[in-house]
2 protein chains.
Amino acid sequence: MSWEERLNQAGWRVTMPRRVVLRVLQQARRPLSPQEIHARGRRIHPSLGLVSVYRALEVLEQAGLVRRVHREARCDGYILASPGHHHVLICRRCGRAVEFPGAEDLSGLIDQVERRTGFRVEDHLLQLIGLCAPCRGSGPA
Amino acid sequence: MSWEERLNQAGWRVTMPRRVVLRVLQQARRPLSPQEIHARGRRIHPSLGLVSVYRALEVLEQAGLVRRVHREARCDGYILASPGHHHVLICRRCGRAVEFPGAEDLSGLIDQVERRTGFRVEDHLLQLIGLCAPCRGSGPA
DNA sequence: TCTCTTACTGAAAAAATTTTTCAGTAATAT
DNA sequence: ATATTACTGAAAAATTTTTTCAGTAAGAGA
Ligand SMILES: [Zn+2]
Ligand SMILES: [Zn+2]
Ligand SMILES: [Zn+2]
Ligand SMILES: [Zn+2]
């Protein structure tokens with residue numbers, strides 16, 4: 001099922017700002033802020049408004065098509081999301097973000113935490129930070 | 001070693017805003033935003049400025065005394081940090097945040113990711129979201 | 001293909017957050 | 001005590017995010 005169909009099925013329309021935001025993120029090599037998406041989006045479609053970028057990101061995130069990236073400094077970065085639950089691995093040098101699956105790998109840890117704290121764990125946020133292969137190769141970090 | 005000594009040793013001074021911010025977070029039952037910390041801090045020390053809250057949080061976070069909490073909505077929450085690496089478990093109903101250790105539990109997953117992606121993982125961010133025991137008990141979520 | 005309905009749009013204004021500037025203050029060392 | 005300078009609050013500036021609103025266009029149905 002295409003993303004257009006997924007949006008429609010969820011009751012949302014396929015509109016220009018949503019198309020443009022997705023296309024910008026497809027072409028991006030690192031997480032982009034709403035402002036950055038807006039700037040790049042205008043090169044594709046000059047009438048694109050910043051407000052629509054915010055609104056598009058909100059919808060696309062709910063639809064699971066876009067994923068927010070949390071970082072030490074700013075937490076306003078977005079990347080394209082693969083379907084289903086994924087984690088994110090970010091290069092601290094070039095900013096490249098890679099998704100990886102692995103919800104199951106946390107089940108042992110989650111069981112342990114549930115037993116010790118009495119919480120019932122429902123969701124989680126996991127991000128790994130490091131150096132990608134190219135960045136590891138090129139000179140001292 | 002007290003937190004005052006830790007600050008001094010790192011070259012920072014022990015000042016009123018830093019004291020107040022820590023005290024507010026000690027008394028808090030959930031992560032607080034800079035604005036909330038400022039409001040509560042003023043009840044302790046009315047001359048406390050908002051700018052100093054921002055600056056205090058920055059220093060205290062660097063010193064490892066305070067921890068930032070990332071959430072779906074806003075990522076501007078802070079809690080008191082236990083010494084060393086911890087993860088955070090947050091109740092989606094009452095907002096209560098609990099720290100828990102467990103860096104080692106991720107080593108298997110991290111090894112796997114490193115092998116598959118070529119990244120060298122240096123750090124990570126892990127937060128669990130769920131329901132605490134009291135909130136699980138009291139009525140339908 | 002031509003309506004109709006209304007989700008959606010961009011721009012402007014408003015609100016909220018965060019950073020910068022600066023003259024004065026107070027924490028630490030001597 | 002005195003000196004040094006990291007640090008302070010307030011105001012201003014910059015930036016980000018939300019709200020409002022009149023108009024537009026996506027998708028459904030004829
Ligand atoms: Zn890299
Ligand atoms: Zn965040
Ligand atoms: Zn709770
Ligand atoms: Zn950890």
Side-chain angles (χ1 to χ4, degrees), chain A residues 1-24 31-63 65-66 68-78, chain B residues 1-24 31-63 65-66 68-78:
Chain A
M1 184 158 61
S2 71
W3 68 266
E4 287 97 333
E5 288 169 324
R6 288 183 64 185
L7 272 195
N8 269 323
Q9 204 148 55
W12 282 304
R13 295 181 180 176
V14 174
T15 67
M16 178 277 286
R18 293 170 190 169
R19 278 182 204 286
V20 172
V21 167
L22 280 184
R23 186 148 150 229
V24 165
L32 299 181
S33 70
Q35 314 277 345
E36 290 172 318
I37 294 169
H38 180 229
R40 298 187 186 197
R42 281 213 141 152
R43 303 209 287 259
I44 299 172
H45 199 109
S47 77
L48 176 68
L50 175 58
V51 182
S52 297
V53 172
Y54 278 101
R55 292 189 282 222
L57 287 171
E58 198 180 318
V59 167
L60 295 174
E61 189 177 22
Q62 275 187 64
L65 296 169
V66 142
R68 173 139 159 247
V69 168
H70 297 259
R71 315 168 84 171
E72 287 296 316
R74 282 282 171 81
C75 281
D76 59 354
Y78 288 85
Chain B
M1 183 157 62
S2 71
W3 68 267
E4 288 98 332
E5 288 169 323
R6 287 181 65 183
L7 273 195
N8 269 323
Q9 203 148 56
W12 283 305
R13 293 180 181 176
V14 174
T15 67
M16 178 276 287
R18 293 168 191 171
R19 276 181 205 286
V20 171
V21 167
L22 280 184
R23 190 150 146 223
V24 165
L32 299 180
S33 70
Q35 314 276 346
E36 291 173 318
I37 294 168
H38 180 228
R40 298 187 186 198
R42 280 212 143 153
R43 303 210 287 259
I44 299 173
H45 198 108
S47 76
L48 176 68
L50 175 58
V51 182
S52 295
V53 172
Y54 277 101
R55 292 189 282 222
L57 286 171
E58 198 180 319
V59 166
L60 295 173
E61 189 176 24
Q62 275 188 63
L65 297 169
V66 143
R68 174 140 158 246
V69 168
H70 298 260
R71 316 169 81 170
E72 287 297 316
R74 283 282 171 80
C75 281
D76 59 354
Y78 287 85

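Atom set for the values below is all heavy atoms of this structure, side chains included, hydrogens, waters and symmetry mates excluded. None of the values given here were measured: they were computed from a predicted structure.
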Point to revise | side-chain hydrogen bond (donor to acceptor under 3.5 Å, both in side chains) partners of B:T15, counting only residues at least two apart | key: none

Send over the distance from [X] [atom1] to [N] [atom2], rounded to a whole Å.
X     : N      : atom1 : atom2 : answer
B:L7  : C:dA29 : CG    : C1'   : 17 Å
A:Q9  : D:dA28 : CD    : C1'   : 16 Å
B:E4  : C:dA27 : CD    : P     : 13 Å
B:L50 : D:dA13 : CG    : C1'   : 15 Å
A:Q62 : C:dC8  : CD    : P     : 11 Å

[atom1] of [X] to [atom2] of [Y]: how many Å apart, nearest 0.5 Å?
X     : Y     : atom1 : atom2 : answer
A:R68 : A:L60 : CZ    : CG    : 14.5 Å
A:Y78 : A:L22 : OH    : CG    : 13.0 Å
A:N8  : A:M1  : CG    : CE    : 10.0 Å

Point to revise | Toward the 5' end of DNA chain D, by each residue's nearest nucleotide, B:R74 or B:V51 | key: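 Its nearest nucleotide being more 5', the pick is B:V51.
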
Study note, to complete from the structure: Within residues 32-46 of chain B, those residues having any heavy atom closer than 4.0 Å to DNA chain D are B:R42

Review point. Which ones in residues 53-61 of chain A lie close to DNA chain D, meaning a heavy atom under 4.0 Å from one of its atoms?
Key: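 Correct list: A:Y54, A:R55.
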
Exercise for review: Please indicate whether B:R23 has more than 12 foreign heavy atoms, meaning atoms of other residues, nucleotides or ligands, lying under 6.0 Å from its CZ.
Suggested key: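 Counting neighbours around CZ of B:R23, 12 or fewer heavy atoms of other residues, nucleotides or ligands fall under 6.0 Å, so no.
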
Point to revise | Nearest non-hydrogen partners of B:P34 and B:L57, listed with the distance | key: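 Where B:P34 meets B:L57 most closely, the heavy atoms are CG-CD1, 4.0 Å.
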
Check residues 43-51 of chain B and write down every donor-acceptor pair under 3.5 Å in which the side-chain atom is one partner and the other belongs to a residue at least two apart or another chain.
| residue | atom | partner | partner atom | Å |
| --- | --- | --- | --- | --- |
| B:H45 | NE2 | B:S47 | OG | 3.4 |

Check your understanding: Under the salt bridge (Lys or Arg N to Asp or Glu O under 4.0 Å) rule, what pairs show up with a residue in residues 4-18 of chain B, not counting sequence neighbours?
Key ->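 Output for this query lists B:E4-B:R19.
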
Exercise for review: Identify, residue by residue, the members of residues 12-24 of chain A with a heavy atom below 4.0 Å from DNA chain C, and return them in order of residue number, or none.
Suggested key: A:W12, A:R13, A:T15, A:M16, A:P17, A:R18

Check your understanding: Within a strict 4.5 Å, meaning less than it, do heavy atoms of the B:V24 and B:V53 side chains meet?
Key ->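 No, too far: nothing below the 4.5 Å cut-off.
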
**Study point:** A:C75 and its side-chain contact (heavy atoms from CB on, under 4.5 Å) partner, picked from B:R74, B:R71, B:H70
**Key:**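 Exactly one option meets the side-chain contact (heavy atoms from CB on, under 4.5 Å) with A:C75, and it is B:H70.
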
